[in-house]
Amino acid sequence: DKGYDYVLFSAGASVSKQYAPIAAERGAVVIDNSSAFRSDAEIPLVVPEINGDLLKGYCGIVANPNCSTIQMVLSLSGIHKSYGIKTIVVSTYQAVSGAGNKGIAELEEQERGDIRPSVFVRQIHRNVVPVIGDLLHSNFSTEEMKMVHETRKIFRDDSISVWPTTVRVPVAYGHSESVFCETVRPFSLEDLIREIESSEDVVYSEERLTPIEVAGSDLVFVSRLRGFDDNRFLFWNIADNIRVGAATNAIRIMKTHLGGT
Ligand SMILES: NC(=O)c1ccc[n+]([C@@H]2O[C@H](COP(=O)([O-])OP(=O)(O)OC[C@H]3O[C@@H](n4cnc5c(N)ncnc54)[C@H](OP(=O)(O)O)[C@@H]3O)[C@@H](O)[C@H]2O)c1
């Protein structure tokens, strides 16, 4: 009732489902970090550097995508525009902070010796857990299906075939991804580097970067780019999941909306 211009929600899907429509009805632009509205056809799912045009003149709920999807589409956006991405095979190495504060707390408790799993389905300390979210009948997980649907929605291209495996690793901050792509049109690796370097908020690096080195940054880092032929390539993609994959994207949505109104 106080008439806020922007309301940011980040307390989980059930809180968003209950309260976000109320804020939107009162005239606020609602930026929702949860998964509550991401697959709703009427709700824009926005990574401003890619589809920020959807925000122009828009009023209502805007969904912030899943963390693994945001950093992947940021690195692939220019390449998709120029060469047309046909297939993406991605394996993630996701930090425990992706499960919120309780994820970090569980890793720290296990490091101190209490190895009983509760947030994660198996011990995460000195281990990797190859399931994030719930397993579906198809044997894909809910986290994996977010990457499939959200990538297509953000790129506005349902023809892209996405094959994800999402894995939790005992890292505090920073998601890593091994990404394989096949394109419609041929390229050279120099072409790809040019596309990546000209992408907003993405950095190409010849270094062997690890998540601990990028934690705290608002950029996505692409490294280890390689391929055997002219329509398939692989790279290592890392970003701070809390910043690029959540908070920074939410703030970028607000700033882009402010700039366009
Ligand atoms: N972590 C990530 O990488 C990431 C990435 C993308 C999206 N998200 C989404 O962001 C949301 C928050 O995730 P998170 O990782 O920040 O989780 P988190 O560490 O568990 O934090 C959730 C916060 O919400 C607060 N909260 C819970 N219920 C509330 C209520 N009814 N009213 C007001 N505040 C309430 C909690 O406050 P108390 O501590 O006082 O309970 C806590 O500060 C989730 O929807 C998640 O899916 C997270």
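Any value given below was found using the heavy atoms of this structure, including those in side chains, with hydrogens, waters and symmetry copies removed. If you're wondering where the values come from, they're calculated on a predicted model, not measured in any experiment. Nothing fancy with the numbering, it's 1 onward along the sequence. Order of listing sets the numbers, starting from 1, for every ligand and every atom in it.
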Checklist entry - Just which atoms of ligand 1 are under 4.0 Å from any heavy atom in Gly98? => result 1 (N), 2 (C), 3 (O)
Next on the checklist: Quick test of your reading of the model: are Arg252 and Asp218 salt-bridged, counting only N-O distances below 4.0 Å?
Outcome noted: no
Next on the checklist: Tell me whether Glu150 is salt-bridged to Lys153, with the criterion being a basic N under 4.0 Å from an acidic carboxylate O.
Outcome noted: no
Checklist entry - Has Ile212 got more than 12 heavy atoms of other residues, nucleotides or ligands less than 6.0 Å from its CD1? => result no
Next on the checklist: Under 4.0 Å from a heavy atom of Asn241: which atoms of ligand 1 are those, numbered in the order shown and with their elements?
Outcome noted: 3 (O)
Checklist entry - Just to confirm, does any protein heavy atom lie below 4.0 Å from atom 10 (O) of ligand 1? => result yes
Checklist entry - Hey, does the side chain of Arg185 reach the backbone of Ser82 with a donor-acceptor pair shorter than 3.5 angstrom? => result yes
Checklist entry - More than 12 heavy atoms of other residues, nucleotides or ligands under 6.0 Å from CZ of Arg208: is that the case? => result no
Checklist entry - Does some non-hydrogen atom of the protein lie less than 4.0 angstrom from atom 48 (C) of ligand 1? => result no
Checklist outcome for this item: Note: ligand 1 atoms sitting under 4.0 Å from heavy atoms of Ile242 are 1 (N), 2 (C), 3 (O)
Checklist entry - Of all the atoms in ligand 1, which lie at a distance below 4.0 Å from a heavy atom belonging to Asn101? => result 18 (P), 19 (O)
Checklist entry - Can you tell me which residue and heavy atom of the protein come closest to atom 33 (C) of ligand 1, and the distance to 0.1 Å? => result Ala11 CB, 4.4 Å
Checklist entry - Under the 4.0 Å line, does any protein heavy atom show up next to atom 7 (C) of ligand 1? => result yes
Item to check | Per-atom contacts, ligand 1 versus Ala246 - under 4.0 Å to a heavy atom | outcome: 5 (C), 6 (C)
Checklist entry - Where do Ser199 and Glu49 land on the side chain to side chain donor-acceptor pair (under 3.5 Å) test, with the steps shown first? => result CA-CA 8 Å; Ser199 297; Glu49 297 89 332; over 6 Å; no
Next on the checklist: Looking at atom 38 (P) of ligand 1, tell me if a protein heavy atom falls under 4.0 Å from it.
Outcome noted: no
Checklist entry - Is there a protein heavy atom less than 4.0 Å away from atom 2 (C) of ligand 1? => result yes
Item to check | Glu195 vs Leu192 side-chain heavy atoms within contact, under 4.5 Å | outcome: no
Checklist entry - For ligand 1, which atoms have a heavy atom of Gly245 less than 4.0 angstrom away? => result 5 (C), 6 (C)
Item to check | Sidechain-backbone polar pair: Gln110 side chain, Leu107 backbone, donor-acceptor under 3.5 Å | outcome: no
Checklist entry - Crowded around Phe180 CZ? As in, over 12 foreign heavy atoms under 6.0 Å? => result yes
Next on the checklist: In the complex you have, is atom 45 (O) of ligand 1 within reach of the protein, judged by whether a heavy-atom distance drops under 4.0 Å?
Outcome noted: yes
Item to check | Heavy-atom donor-acceptor pair, Asn241 side chain to Gln71 backbone, under 3.5 Å | outcome: no
Next on the checklist: I'd like to check atom 24 (O) of ligand 1 in this structure: does the protein have a heavy atom lying under 4.0 Å from it?
Outcome noted: yes
Next on the checklist: When you measure from atom 41 (O) of ligand 1 to the protein, is at least one non-hydrogen atom found at a distance under 4.0 Å?
Outcome noted: no
Next on the checklist: Out of all atoms in ligand 1, which are within 4.0 Å of some heavy atom of Gly12? Include the element for each.
Outcome noted: 11 (C), 44 (C), 45 (O)
